[in-house]
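Okay, so here's the structure we're looking at.
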Protein chains: 2
Amino acid sequence: MSTENLSETQHLFERAEPGVRKAHKRHILSIALDCFDEQGLEATTIEMIRERAASSIGSIYHHFGSKEGLVAALYFAALDDQLALIRPRMQGAARPRQAVDALVQTYLEWVERQPKLARFMLRARHAVAGGPQSETLAERNKERYGELLQWIQDGIRAGEIRRLPSETYASLLIGQSENYCRAWLSGRVKGSPTTYAEVFSEASWRAIAA
Amino acid sequence: MSTENLSETQHLFERAEPGVRKAHKRHILSIALDCFDEQGLEATTIEMIRERAASSIGSIYHHFGSKEGLVAALYFAALDDQLALIRPRMQGAARPRQAVDALVQTYLEWVERQPKLARFMLRARHAVAGGPQSETLAERNKERYGELLQWIQDGIRAGEIRRLPSETYASLLIGQSENYCRAWLSGRVKGSPTTYAEVFSEASWRAIAA
DNA sequence: TAATGTTCTAGAATATAATTCTAATTTGAG
DNA sequence: CTCAAATTAGAATTATATTCTAGAACATTA
């Protein structure tokens with residue numbers, strides 16, 4: 001295998017452990033992302049990935065176990081990338097309203113920065129949720145929304161947020177933005193997500209405001 | 001093939017042209033829906049569908065052309081079923097606010113009535129949008145939202161709805177509900193969609209209210 | 001540094017599933 | 001009833017995921 005000729009998106013996975021060999025694993029992930037983005041999950045074959053990554057079937061299966069495993073690994077890498085951007089901004093908020101703005105705006109920003117990862121996450125969600133990694137996914141989502149629920153508690157106590165069924169808050173806050181991003185990523189609408197950051201964060205706030 | 005022993009969900013596709021032979025086509029769709037719901041799209045094989053439907057490979061390929069074609073046919077049947085419930089209720093509305101309520105409430109109601117179809121639609125969307133039927137899908141979606149945009153125009157003129165980028169309205173109105181239904185259909189939250197109809201229609205209205 | 005076990009790479013062989021193809025059967029029009 | 005078109009059948013083919021075995025690279029320890 002050659003270490004020259006790395007994919008453009010290779011840098012996305014740098015957070016993983018370092019080392020020459022790990023680099024190859026990351027390279028495969030990166031090439032897989034390109035293939036999935038261009039062809040879709042179904043239409044991308046292991047053989048395609050092997051060829052573009054100048055790797056081998058054996059390597060791919062050694063690292064990921066199966067095509068489904070490769071998809072799951074990429075999904076969690078994407079989730080990490082997203083949370084790495086969002087989490088610090090939410091922690092920097094001073095009031096519930098700012099936390100909501102940070103959540104929405106940073107989410108939109110991430111989608112715009114990483115359209116391939118974002119598109120992949122929306123496409124792969126069901127596969128991962130249905131597969132053997134579903135439990136890991138559930139944990140991750142819980143940790144993802146844990147902090148958000150803290151802010152909501154604070155907001156309710158302060159009389160700024162209305163008391164609603166707790167399982168509805170996540171949808172009320174992110175559903176609109178996610179829906180729009182899905183449309184943008186598939187070309188159905190033209191305006192880039194951050195263009196409408198105001199619109200969406202205002203809508204999210206109104207949805208839960210007292 | 002036997003015409004006894006029809007699937008429970010067969011009735012869903014009765015709206016298609018009548019006739020003994022068409023019945024078999026509908027029967028295949030119905031069985032396919034059950035398989036997709038139980039196993040997921042990927043894991044369901046044509047052989048499984050053939051067996052449960054007591055049909056043959058030849059018939060399935062004759063009617064649908066490919067697995068992807070079968071998925072697309074089922075998707076459009078599901079879309080029809082959904083619109084058949086939603087459209088009349090929106091037409092019955094007197095004011096923009098009522099139209100929004102009708103849209104949200106009827107959508108939630110449909111999801112609860114047809115969980116298999118709803119789950120399938122959410123899972124299959126990307127496959128259909130990426131496949132050869134993507135154009136048909138785009139047309140359908142346009143007709144789906146056309147009426148909605150009429151109501152919004154009225155609302156803006158009447159000073160009840162604020163003027164926003166037109167491509168954001170659909171997401172602002174249905175994104176939250178869809179996101180919640182997705183979570184409910186995959187078991188991540190417990191409260192049935194209609195339980196929260198008030199919450200979601202209120203949120204949709206607030207999102208666009210002047 | 002050499003010995004040795006472990007991880008990784010390779011690609012041929014296998015298994016599984018989608019799709020094609022040809023022939024028989026059923027149906028409906030006239 | 002006859003014939004053409006539509007439908008049903010399932011065997012053969014093709015495409016793709018996965019397994020398996022062997023060898024190469026690497027790391028650890030004496």
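First the proteins, then the strands, lettered A, B, ... as listed; each starts at 1.
Pairs passing the salt bridge (charged side-chain N to carboxylate O under 4.0 Å, His left out) check and including a residue from residues 182-195 of chain B, sequence neighbours excluded, read B/E178-B/R182.
Here B/S56 does not reach the OP1 or OP2 of D/dT8: none of its side-chain N or O atoms lies under 4.0 Å away. Listed pair B/H63 / D/dT8 meets the phosphate criterion, a side-chain N or O lying under 4.0 Å from OP1 or OP2.
Going from atom CD1 of A/I49 over to atom P of D/dT16 covers 12 Å, rounded to whole Å. D/dA9 atom P lies 9 Å from atom CD1 of B/I28, rounded to whole Å. For the pair A/L70 CG and D/dT18 P, the interatomic distance rounds to 10 Å; values are reported in whole Å. We find that CD1 of A/I60 is positioned 12 Å from P of C/dG11, with the value rounded to whole Å. For the pair B/K25 NZ and C/dT26 C1', the computed distance is 18 Å after rounding to whole Å. The CZ atom of A/F64 sits 14 Å away from the P atom of D/dT18 (whole-angstrom rounding). Rounded to an integer number of Å, the gap from CD of A/Q39 to P of D/dT16 is 11 Å.
For the helix from C/dT1-D/dA30 to C/dG30-D/dC1, the rotation axes defined at the first and last 5 base pairs enclose an angle of 20°, given to the nearest 10°.
Remark on DNA chain C: of its neighbouring residues A/R50 and A/H62, the 5'-side contact belongs to A/H62, judged by nearest-heavy-atom nucleotide.
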With the criterion being N/O to N/O and under 3.5 Å, what pairs connect the protein with nucleotides 17-21 of chain C, and how long is each?
residue: C/dA18; atom: OP1; partner: B/K67; partner atom: NZ; Å: 3.1
residue: C/dA18; atom: OP2; partner: B/I46; partner atom: N; Å: 3.0
residue: C/dT19; atom: OP2; partner: B/Y61; partner atom: OH; Å: 3.0
residue: C/dT19; atom: OP2; partner: B/K67; partner atom: N; Å: 3.0

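Cation-pi geometry between B/K116 and B/F36 is not met at under 6.0 angstrom from the ring centre and within 45 degrees of the axis. Geometrically, B/K67 does not engage B/Y61 in a cation-pi contact, judged by NZ or CZ lying under 6.0 Å from the ring centre and within 45° of the ring axis.
Within 6.0 Å of the CD atom in A/E143, the count of heavy atoms belonging to other residues, nucleotides or ligands exceeds 12.
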